[in-house]
Amino acid sequence: GAFAVDLGNRLSLHIIDGATAIKIFLILIVAFALRIMRGSISQIYRGRGHFAAGIIINSLSTGFLVTAVVMAAWLGASPLGIALAYLAADSILGLAIMFYDIKRRFPHLRFRPQMPASAELMDIAGHGKWYALLQAAPVAWLQVPVLIISGLGLGGLAVVSFVVSRTLVNFARQIPEMLARSVGVETAGDFHLGDSEKLSRIFLVFGPFLSALTGAFAGGLFIFAAPLTAVWTARPEAYDAWVVFWLLAPVILVAPVTPLRNLLTLGNLPRPVALAQLVQLVIGLALCFILAASHGIAGALAGLATGEIIAVGILLPVMAGQHIAIAYWRYLARCTVWFAATTLWTAFIAWLIVSYTGASTAGWLALSASLWLVFGLAPAMIAATPADLRKRALTY
């Protein structure tokens with residue numbers, strides 16, 4: 001596909017020439033393919049209950065990757081050089097660290113091809129297609145909108161605004177997602193044992209807390225996005241309030257669903273989650289294309305937000321209710337109240353801080369963010385933590 005079309009014109013690449021873009025494209029494809037293979041082997045950690053070790057090893061690999069790419073850019077490497085640094089760090093260091101640790105922990109394991117048994121093949125056929133969709137859908141959701149925006153000729157500053165804002169928002173969304181995944185790992189055993197009463201109690205405590213955490217980040221980010229974008233890109237005009245708004249809009253309904261989604265995935269029931277993501281892709285990408293053509297970048301993001309709200313915020317809870325017993329509407333109401341409260345509080349504190357400091361330089365921005373963490377985020381999360389858990393935490 002990369003060789004068959006004029007990639008430079010198709011993606012509106014006016015800075016990187018077409019030949020270099022092709023080379024970068026192929027290097028990153030190799031890195032991605034090796035990461036897929038590494039990811040399948042890394043499931044040994046989960047399968048044998050070594051969750052913490054798997055997370056640490058993956059974090060070390062990611063740390064090497066980030067360090068290598070940042071250093072390459074800092075030292076003035078070309079885009080091609082940065083892509084090579086990405087491949088070297090993610091593949092060589094990542095694979096080496098993981099294989100060394102697995103061989104050290106599980107010396108009896110042998111890495112060689114082996115044909116699955118017929119029963120295993122049937123199990124793969126039954127579940128594999130849904131897990132494959134779960135793997136592919138987030139990649140399409142991340143990359144296709146950029147291709148749509150560029151393909152419609154809305155490149156340049158519009159793409160910069162979209163990518164930078166989405167990076168900031170995804171960073172804020174990733175922290176609650178990682179916490180939800182950890183809780184999902186811990187509660188998967190109760191799900192397999194059919195302890196619905198315990199699961200319901202956990203959800204009624206954890207769900208509102210997770211929504212409060214998501215709301216806290218959303219409120220702070222909405223205020224900090226403008227100075228962050230200006231400092232990061234040196235282009236204050238790259239900030240678009242509507243872009244940030246539509247990126248954050250779905251989280252009020254998506255945050256309460258996140259624990260359910262992770263529990264279904266870890267409970268070996270990927271079908272509802274995969275179907276919801278398929279609906280999200282179909283509706284979201286179609287609306288993204290239609291609205292981008294008529295309303296530009298904000299329209300594209302409004303289409304994506306609508307798809308996510310319909311599929312994840314509405315459809316998935318309905319399907320999850322067939323497998324997880326929970327009074328969802330009461331649960332959603334509690335989550336929404338906490339989301340709204342922490343969003344308003346952290347946005348207000350961020351507005352006060354930014355109004356005073358200006359946050360127009362990296363130093364002032366770091367100071368402002370630190371003040372927000374202390375006076376905005378921390379009180380919000382303390383308030384959202386149930387009293388008995390606060391008391392237990394303080395005793396350690």
Side-chain angles (χ1 to χ4, degrees), residues 2-3 5-36 38 58-98 139 142-143 145-147 149-151 153-172 174 221 224-240 243-244 297 358-370:
F3 282 108
V5 300
D6 185 350
L7 201 64
N9 287 330
R10 289 286 186 181
L11 301 183
S12 302
L13 298 174
H14 303 300
I15 298 176
I16 301 175
D17 65 272
T20 303
I22 290 287
K23 294 175 184 176
I24 293 172
F25 182 81
L26 294 176
I27 290 169
L28 294 181
I29 277 189
V30 173
F32 181 70
L34 290 174
R35 175 176 284 193
I36 292 285
R38 189 182 84 197
N58 185 64
S59 299
L60 284 173
S61 301
T62 304
F64 280 124
L65 171 64
V66 172
T67 302
V69 172
V70 169
M71 287 298 295
W74 191 16
L75 294 173
S78 66
L80 183 60
I82 292 174
L84 288 170
Y86 187 105
L87 174 62
D90 192 42
S91 303
I92 299 173
L93 289 175
L95 283 168
I97 292 172
M98 189 193 69
V139 178
L142 190 69
Q143 308 296 349
V146 179
L147 301 180
I149 293 167
S150 296
L154 302 174
L157 192 61
V159 173
V160 172
S161 176
F162 170 61
V163 173
V164 169
S165 299
R166 187 180 64 177
T167 301
L168 293 173
V169 171
N170 282 352
F171 176 76
Q174 188 178 25
L221 182 62
F224 277 111
L228 267 170
T229 302
V231 171
W232 187 3
T233 65
R235 299 281 296 274
E237 63 273 20
Y239 169 74
D240 187 327
V243 169
V244 177
I297 186 72
S360 57
T361 66
W364 279 111
L365 190 58
L367 175 61
S368 300
S370 301

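Note that the structure is a prediction, hence the values are computed from the model and not measured.
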Can you give me the closest heavy-atom contact between [X] and [Y], atom names plus distance?
X	Y	result
Ala238	Ser161	O-OG, 2.7 Å
Ser91	Ala31	OG-CA, 4.1 Å
Ser368	Ala359	OG-CB, 3.9 Å
Ala225	Tyr239	CB-CE1, 3.6 Å
Val146	Val163	CG2-CG2, 4.4 Å
Phe162	Pro145	CZ-CB, 4.0 Å

*Show your reasoning for whether side-chain contact (heavy atoms from CB on, under 4.5 Å) applies to Lys23 and Leu84.*
CA-CA 10 Å; Lys23 294 175 184 176; Leu84 288 170; over 6 Å; no
*Does the pair Thr229 and Val244 meet the rule for a side-chain contact (heavy atoms from CB on, under 4.5 Å), with working shown?*
CA-CA 11 Å; Thr229 302; Val244 177; over 6 Å; no
_Distance (rounded to the nearest 0.5 Å) between Phe171 CZ and Thr167 OG1_ =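 Reported to 0.5 Å precision, the distance equals 11.0 Å.
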*So how far is it from Ile29 CD1 to Leu87 CG, rounded to the nearest 0.5 Å?*
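Ile29 atom CD1 to Leu87 atom CG measures 12.0 Å (nearest 0.5 Å).
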*Hey, which of Leu28, Ile27, Ile22, Leu26 is the one that makes side chain to side chain contact (heavy atoms under 4.5 Å, CB included) with Ile24?*
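Answer after filtering Leu28, Ile27, Ile22, Leu26: Leu28.
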_Any residue meeting side-chain hydrogen bond (donor to acceptor under 3.5 Å, both in side chains) with Arg166, in chain and number order, not counting sequence neighbours_ =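 None.
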*What do you reckon, is CH2 of Trp232 surrounded by more than 12 foreign heavy atoms closer than 6.0 Å?*
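Buried by this count: over 12 neighbours within 6.0 Å.
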*asked:* The test is side-chain contact (heavy atoms from CB on, under 4.5 Å); show your working for Ile297 and Val243 and say whether it passes.
replied: CA-CA 7 Å; Ile297 186 72; Val243 169; 4.0 Å; yes
*For Val164 and Leu228, what are the C-alpha separation, side-chain angles and deciding distance, and is it a side-chain contact (heavy atoms from CB on, under 4.5 Å)?*
CA-CA 10 Å; Val164 169; Leu228 267 170; over 6 Å; no
*Do Asp90 and Phe32 touch side chain to side chain, with heavy atoms closer than 4.5 Å?*
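No, side chains not in contact.
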